[in-house]
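What follows is a single structure, written as structure tokens, with notes after it.
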Amino acid sequence: ELEQTHGSLIGGMLRRMRARRTAPAGASDASPRTRRRPFSFRDGLAMLPEALARRLGTAVQYGRAVTRLVPTDGGVLVETGDTSPRPFDAALVTLPLYRLDGLLDVDEAVGPQPVPVTYPPVSVVALGFRREDVAHPLDGFGVLVPACETDFQILGTLFSSTLFPGRAPDGHVLLTTLLGGARRPELALAPEPRREQAVLDDLRRLLGVRGRPTLVRHVCWPRAIPQYERGYGAVKAWLAALEQHAPRLAFAGNYRAGVSVGDTMASGADAAHRLARTLAVDARTR
Ligand SMILES: Cc1cc2nc3c(=O)[nH]c(=O)nc-3n(C[C@H](O)[C@H](O)[C@H](O)COP(=O)(O)OP(=O)(O)OC[C@H]3O[C@@H](n4cnc5c(N)ncnc54)[C@H](O)[C@@H]3O)c2cc1C
């Protein structure tokens, strides 16, 4: 159930919602997977890392890119460019996979990353409308455009103001549309007016949108989501081998076991537990 492209992210959520609705009473909560619900926070997902950073206080150092990671016998040396390498007992690495190249001192026995992993661009276009300018009741999660619908340009649209409170003022709605991905990478990188027009053209046909939006926001993610393509198993095995050869190093992120926020958080928890176990065992045997 790996959600490789944004299309399949939205699709995965839509399918889950449908499965819950059609499952016999009691069955929809049978597994942790089917209990998952879309979630966000009052001011968006950024509230989560901001809250974690507040808890950590001065331990968090901003604006210092890691430039080198060197596993050592008793830990990991972390270099940030402006200072000499600092030794740590362990490092939980959450950089994107494409950043590891050239930054991580890899054990010769493990070798370099076996196959490249592509990260196609995705653009988000958030449009606000007066409620009366959208004919559709917006009584759901959103719209997924399957790849076979080649006369549409977008990947899908979330009914953000239906899903989460506080996303649009009274009498207005917010529609969040995704463009590009592996299907149409060039559209994600097109000039903003071109992206907006593509979204408006599709939303007019899909949702009966009329007139001009009252709000327009663009965000482009030039390297959005790693693609779990054929051969990806070799990348996962490579990461596991790196951790085996350098047990004070652990990797977490959307390239380990799924691209959703939930999967990514779970990979972080797994990595933290792995490191804690290693440190506990090493402390006992010292
Ligand atoms: C447009 C879009 C919409 C999405 N929508 C959803 C959704 O609706 N639901 C869902 O579940 N998932 C969604 N996803 C997927 C999900 O958000 C991501 O897969 C997940 O957040 C990735 O988390 P991460 O920690 O692996 O990577 P990132 O969040 O990319 O974190 C990597 C961090 O490393 C930092 N970094 C990079 N280089 C360095 C360096 N040299 N030194 C120090 N730090 C560095 C970066 O600044 C960044 O903060 C979406 C993704 C995109 C792009």
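If you're wondering where the values come from, they're calculated on a predicted model, not measured in any experiment. Read the numbers this way: they start at 1 and go in the same order the structure lists the ligands and their atoms.
Per-residue contacts place A224 under 4.0 angstrom from the following atoms of ligand 1 (heavy atoms of the residue considered): 53 (C). Contact atoms of ligand 1 toward P96: 32 (C), 34 (O), 37 (C) (distance under 4.0 Å to a heavy atom of the residue). Contact atoms of ligand 1 toward V124: 1 (C) (distance under 4.0 Å to a heavy atom of the residue). Counting atoms of ligand 1 from 1 in the listed order, those under 4.0 Å from a heavy atom of L178 are 1 (C). In the vicinity of T264, heavy-atom distances shorter than 4.0 Å reach the ligand 1 atoms 20 (C), 23 (O), 24 (P), 25 (O), 26 (O). In summary, the atoms of ligand 1 found under 4.0 Å from a heavy atom of W221, numbered by their order in the structure, are 1 (C), 53 (C). Shown in contact with G253 at under 4.0 Å from a heavy atom are these atoms of ligand 1, numbered in order with element: 26 (O).
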Under the side chain to side chain contact (heavy atoms under 4.5 Å, CB included) rule, what do L206 and V145 come out as? Steps first, then yes or no, please. CA-CA 10 Å; L206 288 164; V145 178; 4.3 Å; yes

Stepwise side chain to side chain contact (heavy atoms under 4.5 Å, CB included) test for L189 and C220: CA-CA 7 Å; L189 302 173; C220 177; 3.9 Å; yes

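The local environment of CD in Q244 is sparse, with at most 12 non-hydrogen atoms from other residues, nucleotides or ligands closer than 6.0 Å. Around CZ of R130, the count of heavy atoms belonging to other residues, nucleotides or ligands within 6.0 Å does not exceed 12.
At least one N or O atom of R99, backbone or side chain, sits closer than 3.5 Å to an N or O atom of ligand 1. Polar contact check, A65 against ligand 1: no nitrogen or oxygen pair lies under 3.5 Å apart. Considering backbone and side-chain N/O atoms, V259 comes within less than 3.5 Å of an N/O atom of ligand 1.
Between Y119 and Y98, the ring planes are perpendicular. Angles over 60° get that label, and only those under 30° would be called parallel.
Relative to atom 12 (N) of ligand 1, the option among V219, I225, V261 with the closest non-hydrogen atom is V261. Considering L95, D263, L155 only, the shortest heavy-atom separation from atom 40 (C) of ligand 1 involves L95.
A side-chain hydrogen bond (donor to acceptor under 3.5 Å, both in side chains) with Q153 is found for exactly one of Q197, R195, R194, namely R194.
Of the possible polar contacts, none joining the H273 side chain to the A271 backbone as a donor-acceptor pair under 3.5 Å is found.
Neither the backbone nor the side chain of L158 has a heavy atom within less than 4.0 Å of ligand 1. Within the 4.0 Å heavy-atom criterion, both parts of N254, backbone and side chain, lie near ligand 1.
Among all heavy-atom pairs drawn from L174 and R167, the shortest one is CD2-O, 3.6 Å.
With F251 as the aromatic partner, R256 does not meet the cation-pi criteria of under 6.0 angstrom to the ring centre and within 45 degrees of the ring axis.
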